[in-house]
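By convention in this document, chain letters (A, B, ...) are assigned in the order of the sequence lines, proteins followed by strands, and residues within each chain are numbered from 1.
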Number of protein chains: 2
Amino acid sequence: MARTSKKRGKPSEPDPAFVERLERAKAASVAQLLFKCARLLNEQALARLDQPPGAPRIRPAHTSVFPHLDLAGTRLTELARRLGISKQAVGQLVDELEQMQVLERVPDPSDGRAKLIRFAKHSGASLLDGLAHLGRFEDELGEEIGAQRMAALHDGLGALLAALEGRGPS
Amino acid sequence: MARTSKKRGKPSEPDPAFVERLERAKAASVAQLLFKCARLLNEQALARLDQPPGAPRIRPAHTSVFPHLDLAGTRLTELARRLGISKQAVGQLVDELEQMQVLERVPDPSDGRAKLIRFAKHSGASLLDGLAHLGRFEDELGEEIGAQRMAALHDGLGALLAALEGRGPS
DNA sequence: CGAGTTTGTCAAGCATGCTTGACTAAAATT
DNA sequence: AATTTTAGTCAAGCATGCTTGACAAACTCG
């Protein structure tokens, strides 16, 4: 970092309007924080599960499914609608989670075409235990940064999400 | 939702411990909010630029570079270090941004090997203007959810990021 | 019953955002 | 001067998380 270099005459680059635009471009601070946090949070949360390296692992995309699952079971199409992605994409996620015995598909008694997707109530589902453990992770972080801040974060994110959903997709 | 199905004797599935684990697994609320917000924010922010469909576009990964750029220019290796990714990955991002005339590479006068990466002060850089416009997007969202909440969000995310960075990579 | 819709699946493909490995040229170290 | 380190690049590859298209079986409606 030995910036012993030259600055002859001019003080580098004065250009004021340029610098302003530039600072603007750099200033996506909340968005940047959001990204980094999301990335790190996912990363570390999943690292906690320390799953076998070779076998199919639970990946970030999988976790997004859980909050949309009803206890009684939810249809694939409904899941796709809630997640805002294609049925096929959900199907793949469910396939993998089923293989890991985290979820299970049962035929919908009220519709022969449909299947209900729900948590497997399989006793050996240690992965599900691991997932539950992830809730703890959040609690820990809450302790670390303070419950109040965590609550504010929850509130702010909720509002932000509402604002975002309110504009984009229309 | 017409749950006309069978419930003989038992009220569905009483299994209390199971349900608790399950709710835990579903309860990654802050993390889920974080993800959705990050995704939507990126999506909508970039949609604002409405760039030509055929040509190389600015993608989410690009924007993560800007906050780490010094005005005087920053070396690729330093950028890679700050971003926590490989030099090659940064190189590719810079390549693309250079092609779009958003950034430029200039030889580092103090080191013949190195190049300084900085914003192109090219007059026709309408893309940079567009990027600056993204700052406005955040401001707008701030107005929508309230400046106070936005500040709380900023604070909370900062703390969360610090907590996350403090544990993981060690 | 027959037309049309809906549910889930099979298959293939693609954009993104990285990675690792090998290499050149310039600098620093000895 | 010889060796080692550092800066950047070239090339290839891969995991992730989707997509679109086509389809069979089951349901709904006329």
Side-chain angles (χ1 to χ4, degrees), chain A residues 1-2 4-5 35-36 38-40 42-43 46-47 51 53-65 73-99 103-118, chain B residues 2 4 35-36 38-40 42-43 45-47 51 53-65 68 73-99 103-118:
Chain A
M1 296 312 178
T4 55
S5 51
F35 287 146
K36 277 201 166 173
R39 180 177 159 187
L40 282 173
N42 234 339
E43 219 168 75
L46 290 177
Q51 311 173 75
R57 309 169 332 278
I58 293 193
R59 284 176 282 102
H62 292 130
T63 66
S64 62
V65 174
T74 308
R75 289 188 187 175
L76 190 110
T77 304
E78 174 64 14
L79 273 181
R81 196 193 56 74
R82 292 183 191 173
L83 285 163
I85 60 177
S86 67
K87 290 186 298 176
Q88 293 91 324
V90 177
Q92 190 175 306
L93 293 176
V94 173
D95 280 348
E96 293 163 355
L97 286 167
E98 196 175 22
Q99 221 178 310
L103 299 184
E104 63 182 1
R105 269 181 252 234
V106 295
D108 186 334
S110 72
D111 189 331
R113 300 166 299 179
K115 296 172 189 172
L116 293 175
I117 294 149
R118 65 184 189 193
Chain B
T4 53
F35 287 146
K36 278 201 166 172
R39 180 177 161 188
L40 281 173
N42 235 338
E43 218 168 75
L46 289 177
Q51 311 174 72
R57 310 171 330 280
I58 293 193
R59 283 175 283 101
H62 293 130
T63 66
S64 62
V65 174
H68 299 291
T74 308
R75 290 189 186 175
L76 191 116
T77 304
E78 173 63 14
L79 273 182
R81 196 193 57 74
R82 292 184 191 173
L83 284 162
I85 60 177
S86 67
K87 289 186 298 176
Q88 294 91 323
V90 177
Q92 190 175 305
L93 293 177
V94 173
D95 280 348
E96 293 163 356
L97 286 168
E98 197 175 21
Q99 220 178 309
L103 299 184
E104 63 183 1
R105 268 183 254 234
V106 296
D108 185 334
S110 72
D111 188 331
R113 299 166 299 179
K115 295 173 190 172
L116 293 175
I117 294 150
R118 64 183 190 193

For a quick test of reading the model: is some side-chain N or O of [X] closer than 4.0 Å to OP1 or OP2 of [N]?
X	N	answer
A:R105	C:dT9	yes
B:K87	D:dT6	no
B:R59	C:dG17	yes
A:T77	C:dG8	yes

Would you mind classifying the nucleic acid contact of [X] as base, sugar-phosphate or nothing, using non-hydrogen atoms under 4.0 angstrom?
X	result
B:A89	base
A:G91	nothing
A:D108	nothing

Between B:P60 and A:D95, who's closer to the 5' end of DNA chain C by nearest nucleotide?
->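 First, find each residue's nearest nucleotide; the 5'-ward one identifies A:D95.
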
Please figure out whether A:R113 or A:Q88 has its closest DNA chain C nucleotide nearer the 5' end.
->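 Final value for this comparison: A:R113.
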
[X] has an atom [atom1]; how far is it from atom [atom2] of [N], in whole Å?
X	N	atom1	atom2	answer
A:I117	C:dG8	CD1	C1'	9 Å
A:L97	D:dT16	CG	P	13 Å
A:R75	C:dT6	CZ	P	12 Å
A:L79	C:dT9	CG	C1'	15 Å
B:L93	C:dT19	CG	P	10 Å
B:E96	D:dT9	CD	P	13 Å
B:E78	D:dT6	CD	P	14 Å
B:R57	C:dA15	CZ	P	9 Å

In Å and rounded to the nearest 0.5 Å, what is the [atom1] to [atom2] distance from [X] to [Y]?
X	Y	atom1	atom2	value
A:S86	A:Q92	OG	CD	9.0 Å
B:E96	B:R57	CD	CZ	9.5 Å
A:T74	A:I117	OG1	CD1	7.5 Å
A:R81	A:R75	CZ	CZ	12.5 Å

Heavy-atom pair with the smallest gap, counting every atom of B:L76 and B:G91 =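 In terms of heavy atoms, the two residues are closest at CD1-CA, 3.6 Å.
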
Identify which nucleotide among [options] has an atom closest to any side-chain atom of [X], counting heavy atoms from C-beta outward.
X	options	value
A:S86	C:dA25, C:dT9, D:dT20	D:dT20
B:Q92	C:dC18, D:dA15, D:dT9	C:dC18
A:D111	C:dG8, D:dC27, C:dT16	D:dC27

I would like to know whether B:K115 and B:V106 meet side chain to side chain contact (heavy atoms under 4.5 Å, CB included); could you show each step before the answer?
-> CA-CA 5 Å; B:K115 295 173 190 172; B:V106 296; over 6 Å; no

Go through A:R113 and A:D111 one step at a time and tell me if the side chain to side chain contact (heavy atoms under 4.5 Å, CB included) criterion holds.
-> CA-CA 5 Å; A:R113 300 166 299 179; A:D111 189 331; 2.9 Å; yes

How large an angle, rounded to 10°, do the end axes of the helix from C:dC1-D:dG30 to C:dT30-D:dA1 enclose when each is built from five base pairs?
->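 Computed from the C1' atoms at both ends, the axes differ by 20°.
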
Select from A:G112 and A:I85 the residue whose nearest nucleotide in DNA chain D is closer to the 5' end of that strand.
->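 Nearer the 5' end of the strand: A:I85.
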
Among B:L93, B:V94, B:L103, the one residue meeting side-chain contact (heavy atoms from CB on, under 4.5 Å) with B:H62 |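 For B:H62, the side-chain contact (heavy atoms from CB on, under 4.5 Å) check succeeds only for B:L93.
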
